[in-house]
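Each remark here refers to the structure printed beneath this line.
Only a predicted model underlies this, so the values are computations on that prediction, with no experimental measurement involved. Residue numbers begin at 1 in each chain, while the letters A, B, ... track the order of the sequences.
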Amino acid sequence: MAIEENTAPSNFIQNIIQEDLDKGKHSAIYTRFPPEPNGYLHIGHAKSICLNFGMAKKFGGKCNLRFDDTNPDKEEIEYMHSIEEDVRWLGFEWNELRHASDYFNHLYMYAVKLIMQGNAYVDGLTAHEIREHRGTLTEPGKNSPFRDRSVEENLGLFQRMKEGEFEDGQYVLRAKIDMASPNINMRDPTLYRIKRTHHHRTGDDWVIYPMYDFTHALSDALEGITHSLCTLEFEDHRPLYDWVIESVGAPCHPQQIEFARLELQYTITSKRKLHQLVDEGHVRGWDDPRMTTISGIRRRGYTPASIRDFCDRIGITKKGSSIEMGVLENCIREDLNEHALRVMGVINPLKITIENYPDGQVEEMEAQNHPQKPEMGTRTVPFSKTLYIERDDFMEDAPKKFFRLSVGREVRLRYAYYITCTDVVKNEQGEVIELICSYDPTTKGGSSPDGRKVKGTIHWVSAEHAVNAQVNLYDRLFTHPNPGSTENYIEHLNPESLIEVSNCKLEPCLSSADLSKHYQFERTGYFVLDKDSSSEALIFNRTSTLRDTWAKIDEQK
RNA sequence: UGGGCCGUCGCCAAGCGGUAAGGCACCAGGUUUUGAUCCUGGCAUCCGGAGGUUCGAAUCCUCCCGGCCCAGCCA
């Protein structure tokens, strides 16, 4: 843990904060993570969470969790709960939990102040007309005919907007800035709109709701935020952010700093598209283990530490970039290699009978829970005449480099005996359904007194003692490295992103697995119990495979 | 094309005028009762390109090339 906290490389935001602290601009820093509660958090949010909470932690400052709940059309309580759960799961605790809606009264008064100063006006143009007046990227906009209403008239109209005298869309409050600004955000942006929607927190108290640019800047200022960290697309909004704060004379002026959002190859990190995957049933919910939502990743078996490590490794810059999946996979493998209990599980069973092993005999073989960590202890695994091994560990016409089982070849059964395959049993279709083997009784525990070597060691499970389970094998959700950039990303869904395998044979101790334990099924991958699992029907999710150099060699042929 | 931002190894990323960190990936070898782990070594004479300033530039200046973002009463 202590090591983890110190591995994050420096980044430009950290440098700015350090400098502000050194120069005495601030005595302590205050950040915030401000999601809109309109969906579940994803891996991209994790980057922002780790940055905001991480900077506060590093410099002994504070960080708030604030729900940016100014658009009741899209927001729900359910999302707020999931967001809180996800932030906590990642290992962070907020200083205060706030909502932009906490400030609705305050915000309204600031708006009135702007009007009185002549910095805002009520516009009666329709949305369509406002768009036409805005101009284009290369042409300046035109002033609204209502731009020069008197302060009194604006005040009256704005109050009547608040009191619900008008229809939705009939009027908006706009900042009076500059319709000819080369920055389109400064062409008299909308500050308030009329929206008769029930708000999940303020109920029907309001029929006017403040817009993001107005709300966000002032919420930051009201909370005493020192560094307002957001993503690159808000760069053009910074002049407006500053304008709002300066114009209302807010108590402090937080510094907005933008960084690049996370792009992860072969996935999607857009709330809208994640919504579509869920709504159209392409996945089984927000927490489907194939989703890169925090809840999906959690169900898949990723650990909070591995996600924090990932966020540290990818860095913070202003450069648009796309991270390879391998980085994320490496993070979880590194963590799980360290902490996961080793067990044996056969995903695709092939029966073997050891003909020279006594009928009915059962031996308890001692196995280590972690070969590099004796302190993690040992367990016993029952061994008998009839076993299951992995189908892939047998090959009829095996090449020389194949270190596993084939007729006439000897391998080691992990923690048990050396066995040699003597015969193959096939069904009418010619498929191998059973192997006949013999064992060497002098090799108990897996080493031979004569010192002879075997190249391969394979895992196994005693047939009569095995527990049955369903195992879900996951692969990347998309076959395209950047599905979000394609015309129709749905077309690029990976049809093999989930393979459910039933009747897997696991060693007995797995019957007492629980959600908190991570396992390595030796030689096949890291697994975790699924939340839908029950003692009658065990279900495991594959978090990740192990690195597989054999597969790589095999592929090259 | 008006404005804003960005360009250092396949993917990330340090570097802030003194002569290219690190991680992932990849390659080669060693250890190993997981073809896992672990260990060792290799992997940019070069920093989008061209000029210029300087004893000295990825770092400063000029021009050019390429990419991303902005015209919601979304955030």
Side-chain angles (χ1 to χ4, degrees), chain A residues 7 9-11 15 34-36 38 68 70-71 73-74 123 125-127 130-132 134-141 168-174 181-187 189-195 208-209 211-213 215-216 230-239 258 260 265 271-272 312-331 333-334 337-338 342 344 367-368 370-372 401-404 412-416 418 443 445-447 453-459 520-525 545-554:
Chain A
T7 49
S10 73
N11 63 65
N15 294 345
E36 181 186 16
N38 66 346
D68 227 332
T70 57
N71 185 358
D73 286 343
K74 295 181 175 178
D123 200 347
L125 253 27
T126 63
I130 287 179
R131 193 179 318 127
E132 285 183 335
R134 189 150 32 228
T136 68
L137 294 176
T138 52
E139 299 161 285
D168 287 12
Q170 198 176 339
Y171 286 105
V172 291
L173 181 73
R174 290 230 261 168
S181 172
N183 180 349
I184 292 179
N185 293 298
M186 299 299 269
R187 319 242 261 230
T190 300
L191 265 23
Y192 270 88
R193 76 284 216 188
I194 302 171
K195 196 188 275 280
I208 56 171
Y209 290 98
M211 299 287 288
Y212 164 83
D213 289 294
T215 308
H216 201 89
C230 63
T231 43
L232 247 27
E233 66 270 27
F234 293 105
E235 237 162 354
D236 291 338
H237 292 243
R238 193 179 346 124
E258 310 84 12
Q265 292 185 358
K271 271 191 193 168
R272 206 202 97 237
D312 283 346
R313 290 192 199 203
I314 60 177
I316 302 291
T317 66
K318 299 187 71 133
K319 178 168 53 179
S321 60
S322 188
I323 313 291
E324 290 177 344
M325 263 297 183
V327 180
L328 217 207
E329 287 171 348
N330 178 263
C331 289
R333 284 190 184 127
E334 213 168 89
N337 175 51
E338 191 75 14
R342 295 327 103 124
M344 293 194 284
Q368 291 176 284
H370 189 124
Q372 278 80 233
K401 290 282 215 169
F402 185 79
F403 301 152
R404 287 113 93 157
R412 169 167 41 235
L413 292 179
R414 176 137 239 225
Y415 299 124
Y418 286 12
T443 57
S447 55
K453 297 272 188 264
V454 288
K455 270 289 200 180
T457 299
I458 64 175
H459 56 99
Q520 183 195 98
F521 290 7
E522 288 196 82
R523 306 206 308 132
T524 86
T545 59
L546 257 32
R547 239 191 229 95
D548 191 349
T549 51
W550 166 249
K552 214 179 289 174
I553 293 165
D554 203 31

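As judged by a 4.0 angstrom heavy-atom cut-off over every strand, A/T190 is placed among residues touching the sugar-phosphate backbone only. Residue-level contact check: A/P140 touches neither bases nor backbone, having no heavy atom under 4.0 Å from any strand. A/H237 comes within 4.0 angstrom of a nucleotide base, judged by non-hydrogen atoms across all strands. Within the 4.0 angstrom heavy-atom criterion, only backbone atoms of the sugar-phosphate kind lie near A/S321; the bases stay farther away. As judged by a 4.0 angstrom heavy-atom cut-off over every strand, A/Y418 is placed among residues making no nucleic acid contact. Within 4.0 Å (heavy atoms only), A/E235 reaches sugar-phosphate atoms of the nucleic acid but no base atom. The residue A/R131 sits close only to the backbone: its heavy atoms come under 4.0 Å of sugar-phosphate atoms, none of a base. Using a 4.0 Å heavy-atom criterion, one finds that A/M344 contacts no nucleic acid atom at all. Using a 4.0 Å heavy-atom criterion, one finds that A/T126 contacts the bases of the nucleic acid, with or without backbone contacts as well. Within 4.0 Å of A/Y192, counting heavy atoms only, lies no atom of the nucleic acid at all. Residue-level contact check: A/L413 touches neither bases nor backbone, having no heavy atom under 4.0 Å from any strand. A/L232 comes within 4.0 angstrom of no nucleic acid atom, judged by non-hydrogen atoms across all strands. Nucleic acid contact for A/I316: sugar-phosphate only, since backbone atoms but no base atoms lie under 4.0 Å from a heavy atom of the residue. Residue-level contact check: A/G169 touches the bases, meaning some heavy atom is under 4.0 Å from a base atom.
For the P atoms, the distance linking B/rU8 with B/rU45 amounts to 15 Å, nearest Å. Taking atom P in both B/rG23 and B/rC38, the straight-line distance is 13 Å, to the nearest Å. Nucleotides B/rG56 and B/rU19 have their C1' atoms positioned 8 Å apart, rounded to a whole Å. Comparing the C1' positions of B/rG30 and B/rC55 gives an interatomic distance of 48 Å, to the nearest angstrom. Rounded to the nearest Å, the gap between the C1' atom of B/rG7 and that of B/rG15 is 15 Å. Spacing between B/rC9 and B/rA50 at atom P, rounded to whole Å, works out to 16 Å. One C1' atom belongs to B/rC47, the other to B/rG72, and the distance between them is 41 Å to the nearest Å. Nucleotides B/rC63 and B/rC70 place their P atoms 27 Å apart, quoted to the nearest Å.
Of the listed nucleotides (B/rA71, B/rC69, B/rC73), B/rA71 has the atom at the smallest distance from the side chain of A/T136. Of the candidates B/rG10, B/rC74, B/rU34, the closest approach to any side-chain atom of A/E324 belongs to B/rG10. The A/E36 side chain lies nearest to B/rA75 when the options are B/rC73, B/rA75, B/rA36. Listed candidates were B/rC12, B/rA75, B/rC73. Nearest to the side chain of A/V172 is B/rC73. Side-chain atoms of A/F234 lie closest to B/rA75 of the nucleotides B/rA75, B/rC27, B/rA13.
A/E334 has its CD atom 10 Å from the C1' atom of B/rC24, to the nearest Å. Between the C1' atom of B/rG72 and the OH atom of A/Y212 lies a distance of 14 Å, rounded to the nearest Å. Atom CZ in A/R333 sits roughly 15 Å away from atom P in B/rG35 (whole-Å rounding). Between A/Q372 atom CD and B/rC39 atom C1' there is a gap of 12 Å when expressed in whole angstrom units. Rounded to whole Å, atom C1' of B/rG72 lies 14 Å from atom CG of A/L137. The separation between A/N15 atom CG and B/rC16 atom P is 10 Å, rounded to whole Å. Remark: P of B/rG35 and CZ of A/R523 are 5 Å apart, rounded to the nearest angstrom. Nucleotide B/rG23 holds its P atom 15 Å from the CG atom of A/D312, rounded to whole Å.
Within the structure, a side-chain polar atom (N or O) of A/R134 is placed less than 4.0 Å from OP1 or OP2 of B/rC73. The side chain of A/K319 places an N or O atom within less than 4.0 Å of a non-bridging phosphate oxygen (OP1 or OP2) of B/rA13. A close approach under 4.0 Å does not occur between any side-chain nitrogen or oxygen of A/T138 and OP1 or OP2 of B/rG3. Between A/R187 and B/rC70, a side-chain N or O to OP1/OP2 separation shorter than 4.0 Å is absent. The shortest distance between the side-chain N/O atoms of A/K318 and the OP1/OP2 oxygens of B/rC69 is not below 4.0 Å.
Nucleotide B/rC16 forms a pair with no other nucleotide shown, judged by Watson-Crick or G-U wobble geometry with both contacts under 3.5 Å. Look at B/rC46: it lacks any Watson-Crick or wobble partner with both distances under 3.5 angstrom. Using Watson-Crick or G-U wobble geometry with both donor-acceptor distances under 3.5 Å, B/rG41 finds its partner in B/rC27. In this structure B/rA36 sits in no base pair that meets the Watson-Crick or G-U test at under 3.5 Å. Partner assigned to B/rA58 is none, using Watson-Crick or G-U wobble distances below 3.5 angstrom. Pair check for B/rG2 finds B/rC70; Watson-Crick or G-U wobble, both atom distances under 3.5 Å. Look at B/rG7: its Watson-Crick or wobble partner, with both distances under 3.5 angstrom, is B/rC65.
Applying the 90° criterion around 0 to the glycosidic angle, B/rG72 comes out syn.
Not a single donor-acceptor pair under 3.5 Å links the side chain of A/S181 to the backbone N or O of A/M186.
For the pair A/N330 and A/R412, nearest-nucleotide mapping onto RNA chain B gives the more 5' position to A/N330. In terms of position on RNA chain B, the residue among A/F521 and A/S322 whose nearest nucleotide sits closer to the 5' end is A/S322.
With hydrogens and angles left out, the side chain of A/E139 and the base of B/rG2 share no donor-acceptor pair within 3.5 Å. For B/rG3, the base has a donor-acceptor partner in the side chain of A/D236 [N/O atoms by modelled type, under 3.5 angstrom]. For a distance-only test at 3.5 Å, the side chain of A/R404 qualifies as a donor-acceptor partner of the base of B/rG35.
To the nearest 0.5 Å, the span separating CG on A/D236 from CD1 on A/I184 amounts to 9.0 Å. The distance from the NE2 atom of A/H370 to the CG atom of A/N337 is 5.5 Å, given to the nearest 0.5 Å. The CZ atom of A/R523 lies 8.0 Å from the OG1 atom of A/T457; values are rounded to the nearest 0.5 Å. Between atom CG of residue A/L173 and atom CZ of residue A/R193 there is a gap of 12.0 Å, rounded to the nearest 0.5 Å. The structure places CG of A/L328 at 11.0 Å from CZ of A/R333, a figure rounded to the nearest 0.5 Å. The line from OH of A/Y415 to CZ of A/R342 is 9.0 Å long, rounded to the nearest 0.5 Å.
A distance cut-off of 5.5 Å between ring centres, combined with a plane angle under 30°, places A/W550 in a stacking arrangement with the base of B/rG35.
Of the charged side-chain nitrogens involved, none lies within less than 4.0 Å of a carboxylate oxygen, so that A/K271 and A/E36 do not count as a salt-bridged pair.
There is no side-chain donor-acceptor pair under 3.5 Å between A/T126 and A/R131.
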